[in-house]
Amino acid sequence: MEDTIKTGIEESNFIHNFIDEDIENGRYEGKPIYTRFPPEPNGYLHIGHAKSICLNFTTAEKYGGYCNLRYDDTNPVKEDTEYVESIQEDVKWLGFKWDKLLFASDYFQQMYDCAVKLIEKGVAFVDDLTADEIRETRGTLKEPGKDSPYKNRSIEENLKLFEEMRDGKYEDGEKVLRAKIDMASPNINMRDPVIYRISHNEHHNTGGKWCVYPMYDFAHPLEDAIEGITHSLCTLEFEDHRPLYEWSLEQLDWPTPPRQIEFARLNLTNTIMSKRHLKALVDDGSVDGWDDPRMPTIAGIRRRGYTPEAVRDFCEKIGVAKANSMIEMSFLEHCVREDLKTRVESRNVIFDPIKVVITNYPDDQTEEMEMENNREVPEMGNRMIPFSKELYVDGADFMEEPVKKYFRLFPGNEVRFKGAYFITCNEVIKNDDGSIKEIHCTYDPETRSGSGFEGRKVKGTIHWVDAKTAVKIKVREYGYLMIEDENGENVLNPDSVKETFCYAEPKVADAEAGERFQFFRHGYYIADEKLTTKDEKVFNQIVGLKSSWKK
RNA sequence: UGGGGUAUAGCCAAGUCGGUAAGGCAACGGGUUUUGAUCCCGUCAUGCGUAGGUUCGAGUCCUGCUACCCCAGCCA
C-alpha cells in the first residue's frame, strides 16, 4: 500500500466534474482553463473570500490553467483604492499568483459597445421610468410585471438616447438602459432588467471619464468572456442570475461563452461576515482597524498569527458543495494548530505566577538548562535557559489542596521541572491576607535532566521561569468579537480581549514582531506587528492548545 | 403548483455504471510521553429529510410529501 499525500488540487469536487465534462465535450476547444477571483473593491476581504480565492486558484492549477484577479468595479460610489491595495496584499499573502491583474472598469468602452449592439439588435431600450416606477411595474414574486411604456421606442431613438446618456445630458436616475426580455418571466431577473445606469460620480479608476455604468448582470458575463474565462465560479445567490448571464452572451453571439457554476459560501460559527457589521466596528473604533486580531478579515487573521498554509488547508478540507453549511470554529483552529506545531519553537512563559523558592539550592548559583525548541522537530535544536534558587511557576500548576488525578505541584508532591530537576513541594508561605506568598520546595541534584537518572518516576512535568532573569511581556487573548445580547442582537463582546502580564524566559525579549511561539502549555502566540516595541513585547494568542485534562 | 436551489452522524463531506455508507473536525475510551500537548489505537449512520414504488439488490432510479436557503437594487 503506497502512501499518497493528498493536496487540495488532487481532491475532486462537483465543480471539477463539470469541468471534466466540458473538457471531454470539447466545449472550450482545447483552450486552457481560466478562472477568476472578482472582488468589488468596497471593503476588506474576509475568511469567506479566502474560500473563493482558494477555489478559483486551485481549480485553475489543477487543470494547468490560469486565474485572474479582477476587480469588479462597476459601481463608482462604493469603491476605493484603499481596498484595491488590501485585496492584492491578501491574495498574495495566501500565496497565490494571478495570471493577470485587471479592472472591469478597463472594459467600459467594450461594454458600452456591447450595449449598443443590443440596442441595434432591438433587444435593449432606454427607459424613462423612475426607479420607483420600475419597481412598481416589475410585478411580484407571484404576479407578472408590466411592460414599460417606453419599451417600443425605435432603435434610432434608443441609440440617440443612450448616446446622450453617455454624454452626460441626463441626471442620475433620469434614464436607464434595459434589456428587452420578458416582464412575465417567473424569474424576476429576466423581467427587462436594467443593464446600464447613470452615475455622475468620480470612479476610483476611470475618474470622470464615464457617467454611465453597466450593472453586474450585464457586466460580469462580458468581463468573463473578454478575459477568456472558461468557468466563472460564484456563490449560490447568483443561481437565479445565470439565465441572464447566458442571455447576454447569447445575444452578442459570443463564441465559447464561459460557464457559471455556483457553490455555497462559507459560514463559520460565532463569526460575523457581514461587511456592514465589520465596517461599523472599524468606523466606530470598536476595533483596532480592519486588521484587528479579532476580525475575521484576512488582514485580521494574518495579524492574529494564522498562517496562509493553515487557511489554505482549511479551505481545502471543508470542501465545496451546494448545500448551505455552517463550519465549526474548531475546524479552523485545528488547521492552525496542525500547521504551527511543526514550525514554531516553544518558550516558557508563566501567566499567573507563583514564586517558588528552592530552599536547598545554593543562594548565588545559576545553571543553564537545556530545553528542546520543538519536541516534534529535533532539527530545531535546543536552547539554554537559566535556573536558580527563585523561580516562577504557573498558578494552574499548583494546588494547595489537589483534586483527584491532579499530578502537578501540591504540598508533599514531587514533580519534574521541565528540563531541570525533580522538585518536591514542602511548604506554602502565606501573606497576612491568606494569599499565597511563595512555596518552598527542595530539589534533588541527582535528577538533573539528561543525567540519565532512573531512580524514580514522577507523573507531572511543569514549566518554570527563573525569577531573577524573567522578562515581563504583555499577552492578549481573544474571545468572540461579537456575542448575542438578550434580544438576540449582535453586540460587541466586552470580554473579547483579555490582557495579562506574564513572566517569560529571557530569550523572549529578543522576539521580533511577527515571530510565533508555542508558550508552553498555553497555546500559540505571535509578537504583535503593531503593538510590539523595543521596550514592550505584546503577544497575540493565535490559538490555544487542546487539553484533555478535566478537574 | 411564482421561480431557482439544497437535504448523508453534533459539524463539514465522499459516494460518476444501482452491488450492500470513505475521510476529516468534535466527542468519548485506552496506550506512549520530561508539555494532561504531540503521537498511536479504539468507539461513534442496519442508516442517507419523509412516505411509497421499481428491482434479486436503492443514498443512487420513479412518484408523492416535508423542511430549509435564495430572488421583487438604477448593489455586487
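Computed from a prediction, not measured in an experiment: that's the story for all the values here. Both backbone and side-chain heavy atoms feed into the values below; hydrogens, waters and symmetry mates do not. In what follows, chains carry the letters A, B, and so on, assigned in the order in which the sequence lines appear, proteins first and then strands, with residues in each chain numbered from 1.
- For A:Lys546, the listed nucleotide lying nearest its side chain is B:U38; candidates were B:G4, B:G24, B:U38.
- Between B:C25 and B:U43, the two P atoms lie 16 Å apart (nearest whole Å).
- Judged by Watson-Crick or G-U wobble contacts below 3.5 Å, the nucleotide B:A13 has no partner.
- Below 30°, between 30° and 60°, or above 60°: for A:Tyr112 and A:Trp210 the angle between ring planes is between 30° and 60°, a tilted geometry.
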Base versus backbone protein contacts along nucleotides 70-76 of chain B [heavy-atom cut-off under 4.0 Å; B, S, -]: BBBSBBB
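- For B:C61, the base is anti relative to its sugar; the glycosidic angle deviates from 0 by more than 90°.
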N/O contacts under 3.5 Å, protein versus nucleotides 39-44 of chain B?
{"from": "B:C39", "atom 1": "OP1", "to": "A:Lys341", "atom 2": "NZ", "distance (Å)": "2.6"}

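- Remark: B:A37 base-pairs with no nucleotide in the shown strands. Criterion, Watson-Crick or G-U wobble with two distances under 3.5 Å.
- One can place CZ of A:Arg265 at 16 Å from P of B:C12, the figure rounded to the nearest angstrom.
- Salt-bridge annotation for A:Glu237 and A:Arg265: present, with a side-chain N of the basic residue lying under 4.0 Å from a carboxylate O of the acidic one.
- Looking at heavy-atom distances under 4.0 Å, A:His334 makes contact with sugar-phosphate atoms alone, never a base.
- Base-pair partner of B:U1: not found among the strands shown (Watson-Crick or G-U wobble, both distances under 3.5 Å).
- Following rounding to the nearest Å, A:Phe331 (CZ) and B:C25 (P) show an atom-to-atom distance of 7 Å.
- When rounded to the nearest whole Å, the span between CG of A:Asn13 and C1' of B:G15 equals 14 Å.
- Note on ring orientation: taking the six-membered ring where Trp is involved, the planes of A:Phe103 and A:His204 are tilted (angle from 30° to 60°).
- Within the structure, a side-chain polar atom (N or O) of A:Lys142 is placed less than 4.0 Å from OP1 or OP2 of B:G2.
- For the pair A:Leu545 CG and B:A37 C1', the computed distance is 5 Å after rounding to whole Å.
- Taking a cutoff of 4.0 Å between a charged side-chain nitrogen and a carboxylate oxygen, A:Glu239 and A:Lys322 qualify as a salt bridge.
- Summarising the base pairing, B:U43 is matched to B:A27 through a Watson-Crick or G-U wobble pair whose two defining distances lie under 3.5 Å.
- Here the separation of B:G15 from B:U54, taken at their P atoms, is 29 Å to the nearest Å.
- Within the 4.0 angstrom heavy-atom criterion, no nucleotide atom of any strand lies near A:Val77.
- Using a 4.0 Å heavy-atom cutoff across all strands shown, A:Lys459 reaches no nucleic acid atom at all.
- A gap of 49 Å separates the C1' atoms of B:U33 and B:A67, to the nearest Å.
- Scanning both residues, A:Val84 and A:Tyr71, for their nearest heavy atoms gives O-OH, 2.5 Å.
- Whole-Å rounding puts the A:Ile327 CD1 to B:G10 C1' distance at 13 Å.
- Within the nucleic acid shown, A:Glu333 has no heavy atom closer than 4.0 Å to any nucleic acid atom.
- Here A:Ser325 lies in heavy-atom contact (under 4.0 Å) with sugar-phosphate atoms only.
- Rounded to whole Å, the P atom of B:A26 lies 23 Å from the corresponding atom of B:U32.
- At a threshold of 4.0 angstrom between heavy atoms, the contacts of A:Gly450 include nucleobase atoms, whether or not backbone atoms are also involved.
- A search for side-chain contact (heavy atoms from CB on, under 4.5 Å) contacts involving A:Arg343 returns A:Thr307, A:Glu309, A:Asp339, A:Leu340, not counting sequence neighbours.
- Classified by its glycosidic torsion, B:G73 falls in the syn category, the angle being within 90° of 0.
- Note: A:His463 and A:His522 have perpendicular aromatic rings, judged against thresholds of 30 and 60 degrees for the angle between ring planes.
- Distance noted for atom C1' between B:G73 and B:G64: 38 Å (whole Å).
- In this structure, A:Gly460 reaches neither bases nor backbone, as no heavy-atom distance under 4.0 Å exists between it and the strands shown.
- A salt bridge is absent between A:Glu414 and A:Lys457: the closest approach of a Lys/Arg side-chain nitrogen to an acidic carboxylate oxygen does not fall below 4.0 angstrom.
- Relative orientation of the A:Phe417 and A:Phe387 rings is perpendicular, given thresholds of 30° and 60° on the angle between their planes.
- The side chain of A:Glu328 lies closest to B:C11 when the candidates are B:U34, B:A37, B:C11.
- Ring-plane geometry between A:Tyr406 and A:Trp549 is classed as tilted, the angle between the planes lying from 30 to 60 degrees on a 0 to 90 degree scale.
- B:A7 and B:A45 have their C1' atoms separated by 15 Å, with the value rounded to a whole Å.
- With RNA chain B read from its 5' end, the first of the two nearest nucleotides for A:Ala264 and A:Gln518 is the one closest to A:Ala264.
- Comparing the P positions of B:C69 and B:C28 gives an interatomic distance of 32 Å, to the nearest angstrom.
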Chi angles and distances behind the side chain to side chain donor-acceptor pair (under 3.5 Å) call for A:Glu227, A:Tyr107: CA-CA 10 Å; A:Glu227 291 171 22; A:Tyr107 313 144; 2.4 Å; yes
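- In this structure, B:G47 shows a glycosidic angle within 90 degrees of zero, which is the syn conformation.
- Here the P atom of nucleotide B:U16 and the CD1 atom of A:Ile23 are 20 Å apart, to the nearest Å.
- Base pairing of B:G59 is not made with any nucleotide, judged by Watson-Crick or G-U wobble geometry with both donor-acceptor distances under 3.5 Å.
- Side chain to side chain, A:Glu40 and A:Asn42 meet the donor-acceptor criterion of an N or O pair below 3.5 Å.
- Atom pair A:Asp397:CG and B:U34:C1' shows a separation of 14 Å (rounding to whole Å applied).
- The pairing partner recorded for B:U66 is B:A7, the criterion being a Watson-Crick or G-U wobble arrangement whose two distances lie under 3.5 angstrom.
- Protein atom NZ of A:Lys322 is 13 Å distant from nucleotide atom P of B:A13, rounded to whole Å.
- The phosphate of B:G3 (OP1 or OP2) has no side-chain N or O of A:Ser185 nearer than 4.0 angstrom.
- Here A:Phe417 lies out of heavy-atom contact (under 4.0 Å) with every strand.
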From CA spacing to verdict: side-chain contact (heavy atoms from CB on, under 4.5 Å), A:Ile134, A:Val194: CA-CA 9 Å; A:Ile134 288 179; A:Val194 172; 4.2 Å; yes
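- Each of A:Ser451 and A:Gly319 has a nearest nucleotide on RNA chain B; the 5'-most of these lies closest to A:Gly319.
- Considering only the side chain of A:Met326, B:C12 comes nearest among B:U6, B:U34, B:C12.
- Nucleotides B:C41 and B:G49 are separated by 32 Å at their P atoms, to the nearest Å.
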